[in-house]
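Take a look at the structure set out below.
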Number of protein chains: 2
Amino acid sequence: MARLPVYLQLLSEQFEAGITNISSEELATLGGVNAAKVRKDLSYLGSYGTRGVGYDVEFLVFQIKRELGLTHEWHVVIVGAGNLGQALSGYGGFGERGFPVGGIVDVAEDKIGSVIGGVRVRHIDELAQIVQSRDIAIGVIATPGPAAQDAADALVAAGVTSVLNFAPAIVNTPHGISVRKVDLAVELQILSYHEQRRANARQATKLQAVPGPRGRGASA
Amino acid sequence: MARLPVYLQLLSEQFEAGITNISSEELATLGGVNAAKVRKDLSYLGSYGTRGVGYDVEFLVFQIKRELGLTHEWHVVIVGAGNLGQALSGYGGFGERGFPVGGIVDVAEDKIGSVIGGVRVRHIDELAQIVQSRDIAIGVIATPGPAAQDAADALVAAGVTSVLNFAPAIVNTPHGISVRKVDLAVELQILSYHEQRRANARQATKLQAVPGPRGRGASA
DNA sequence: AGGCGCTTGTGCACACTTTCACAAAGCCGT
DNA sequence: ACGGCTTTGTGAAAGTGTGCACAAGCGCCT
Ligand SMILES: NC(=O)c1ccc[n+]([C@@H]2O[C@H](COP(=O)([O-])OP(=O)(O)OC[C@H]3O[C@@H](n4cnc5c(N)ncnc54)[C@H](O)[C@@H]3O)[C@@H](O)[C@H]2O)c1
Ligand SMILES: NC(=O)c1ccc[n+]([C@@H]2O[C@H](COP(=O)([O-])OP(=O)(O)OC[C@H]3O[C@@H](n4cnc5c(N)ncnc54)[C@H](O)[C@@H]3O)[C@@H](O)[C@H]2O)c1
């Protein structure tokens with residue numbers, strides 16, 4: 001489930017705060033979801049709760065980590081050492097959460113050799129060697145959109161089986177490769193959509209008119 | 001629908017490439033989804049296709065933009081001028097897609113006054129004034145996790161009604177405020193989950209054993 | 001030891017999403 | 001002008017996910 005990482009984060013926070021036990025109700029409130037959903041999700045891991053009491057926070061953290069494959073570190077390799085690649089590499093939160101940067105590659109000669117966040121930028125031709133030497137399974141694409149497919153192909157060829165794509169482009173990969181895309185513009189457009197609807201709703205209220213399903217009148 | 005931005009991007013790309021007409025089948029292939037789904041989604045905008053021919057790309061782009069509220073620019077305000085805030089502000093892609101940065105605020109005195117991407121960093125106390133002067137509806141949280149709730153409260157108090165949160169924390173907002181969260185760690189953990197499953201599958205195959213539902217044996 | 005209150009785990013119904021399948025509708029060649 | 005080919009738009013079916021409601025189970029207090 002895609003919600004397990006969220007529970008993991010919440011539980012980790014609670015654990016840090018000294019909470020040793022938590023009920024599905026509390027966890028649901030923290031996460032802003034339904035308590036029954038929390039229980040269903042957690043029951044997927046097995047029956048690790050105690051009726052009348054709740055869940056042991058530490059044990060649950062461990063179980064979720066096991067399920068998510070977070071029992072060991074996963075090195076990641078970043079393709080593209082531009083603004084974003086540098087920000088990601090320099091950002092400590094990556095490694096803190098079990099995903100240390102195992103390498104950065106680029107095509108631009110002027111980027112190669114520079115050191116960001118303790119990692120030296122290397123040429124993309126060395127990708128396969130980097131991936132294999134550290135047994136890296138996850139690649140991050142931080143190149144411009146048009147180069148994203150090339151980057152993905154290079155990653156797959158090097159042996160990476162999971163890709164996180166920040167470029168605004170849809171990449172095609174062979175079957176069996178997991179790809180996730182993070183697109184800022186999409187997020188903003190979804191927010192803009194809600195704003196748009198809010199604005200339309202205000203308009204309709206103000207006009208006191210029969211609310212027609214089609215809101216015409218783009219200007220003014 | 002959350003897929004409209006994706007179609008918009010695909011269609012824009014096709015339009016740039018000189019394609020004036022596209023069928024639901026083609027669009028579905030590009031987006032990696034089912035053709036019927038594409039048609040259902042697009043029919044939500046109205047009947048803008050021509051049977052036997054397909055959709056006019058330019059017209060469809062316009063219609064989706066109208067639906068998403070992208071007929072005008074939405075200024076955004078960024079809270080937190082650290083690594084990420086600076087990368088976002090300096091990144092041109094924001095403005096290119098209709099979301100120019102209308103302001104950046106921070107609490108740290110040493111950040112205030114510096115200029116990033118043509119925008120001067122100002123104190124968070126000026127947030128309300130910035131938001132109101134430019135009629136800003138969208139705020140971006142780029143502060144550390146523990147400060148995210150404060151940032152959200154400040155944004156809401158200033159009059160922002162949509163929030164994009166990059167901090168690894170869940171923020172609570174009053175009803176009527178849209179919040180979206182982008183969490184790198186969550187994305188990576190989902191990829192790691194798939195890697196984990198792949199590893200388990202390999203193990204099971206190698207052992208030629210009856211595939212038991214519980215994979216024990218964490219060590220070795 | 002037994003009862004009482006609390007919380008889990010889950011069967012079931014409902015709502016929403018996805019996919020199939022096909023009639024209606026347009027274009028083009030003859 | 002008409003028939004055949006293509007593609008849309010949409011009803012209906014199949015599939016997923018969500019939430020309610022409650023029995024089963026556990027701890028604690030008496
Ligand atoms: N900067 C941001 O805040 C931000 C935010 C969201 C999304 N993005 C997206 O992330 C991507 C990178 O953004 P950026 O600001 O870092 O861009 P950038 O131009 O600063 O960096 C791109 C880097 O990729 C390298 N590159 C180009 N082609 C390559 C290839 N084929 N193989 C390997 N490396 C290659 C370039 O040499 C450059 O160093 C873009 O697609 C952008 O849309 C950026
Ligand atoms: N850097 C990255 O690549 C990256 C990637 C993903 C997520 N993130 C997340 O984004 C957030 C910011 O990351 P960063 O690397 O820019 O951190 P940072 O420490 O560089 O920047 C944080 C900024 O927020 C400011 N700040 C602190 N409290 C504030 C408050 N109450 N109001 C306003 N501003 C406040 C600080 O002064 C600082 O300038 C973090 O939560 C981080 O987890 C960062």
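Keep in mind the model is a prediction, meaning the values are calculated, not measured.
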Within the side chain of S47(A), is there an N or O that forms a donor-acceptor pair under 3.5 Å with the backbone of S43(A)? no
Test side-chain hydrogen bond (donor to acceptor under 3.5 Å, both in side chains) applied to E26(A) - qualifying residues, sequence neighbours left out: S23(A)
For nucleotides 1-4 of chain C, which of its nitrogen or oxygen atoms have a protein nitrogen or oxygen under 3.5 Å away, and what is each distance?
none

Just jot down the salt bridge (Lys or Arg N to Asp or Glu O under 4.0 Å) partners of R198(A), sequence neighbours excluded, or say none. E195(A)
According to salt bridge (Lys or Arg N to Asp or Glu O under 4.0 Å), who are the partners of R3(B), at least two apart in sequence or on a separate chain? D41(B)
If you look at every heavy atom in V160(A) and I138(A), which pair is closest and at what distance? CG1-C, 4.0 Å
According to side-chain hydrogen bond (donor to acceptor under 3.5 Å, both in side chains), who are the partners of E13(A), at least two apart in sequence or on a separate chain? Q9(A)
DNA chain D-proximal residues of residues 13-27 of chain A, any heavy atom under 4.0 Å: none
Within residues 51-60 of chain B: residues closer than 4.0 Å to DNA chain D (heavy atoms): R51(B), G52(B), V53(B), G54(B), Y55(B)
Looking at residues at least two apart in the chain, or sitting in another chain, which of them share a ring pair (Phe, Tyr, Trp, His ring centres under 6.0 Å) with F59(A)? Y48(A)
Under 3.5 Å side-chain donor-acceptor pair for S24(B) and R39(B): yes
List every contact pair, protein side and nucleotides 28-30 of chain D side both N or O, where the distance is under 3.5 Å.
none

Is there a residue in residues 31-41 of chain A whose heavy atoms reach under 4.0 Å of DNA chain C, and which residues are they? R39(A), K40(A)
So, E73(B) side chain and F99(B) main chain: donor-acceptor pair closer than 3.5 Å or not? no
Applying the side chain to side chain contact (heavy atoms under 4.5 Å, CB included) criterion to Q189(A), which one of V6(B), I64(B), L8(B), L4(B) satisfies it? L8(B)
May I have all residue pairs that pass side chain to side chain donor-acceptor pair (under 3.5 Å) and include part of residues 136-156 of chain A, sequence neighbours excluded? Q149(A)-D153(A)
Within the distance-only criterion (no hydrogens, no angle test), does the side chain of S192(A) pair as donor or acceptor with the backbone N or O of L68(B) below 3.5 angstrom? yes
Considering only heavy atoms from C-beta outward, does the side chain of V140(B) approach that of V79(B) to under 4.5 Å? no
Salt bridge (Lys or Arg N to Asp or Glu O under 4.0 Å) partners for K40(B), two or more places apart: none
Determine whether a donor-acceptor pair (N or O, by modelled atom type, separation under 3.5 Å) exists between the side chain of N165(A) and the backbone of A169(A). yes
Rounded interatomic separation in angstrom, taking CG from L42(B) and P from dT10(D): 12 Å
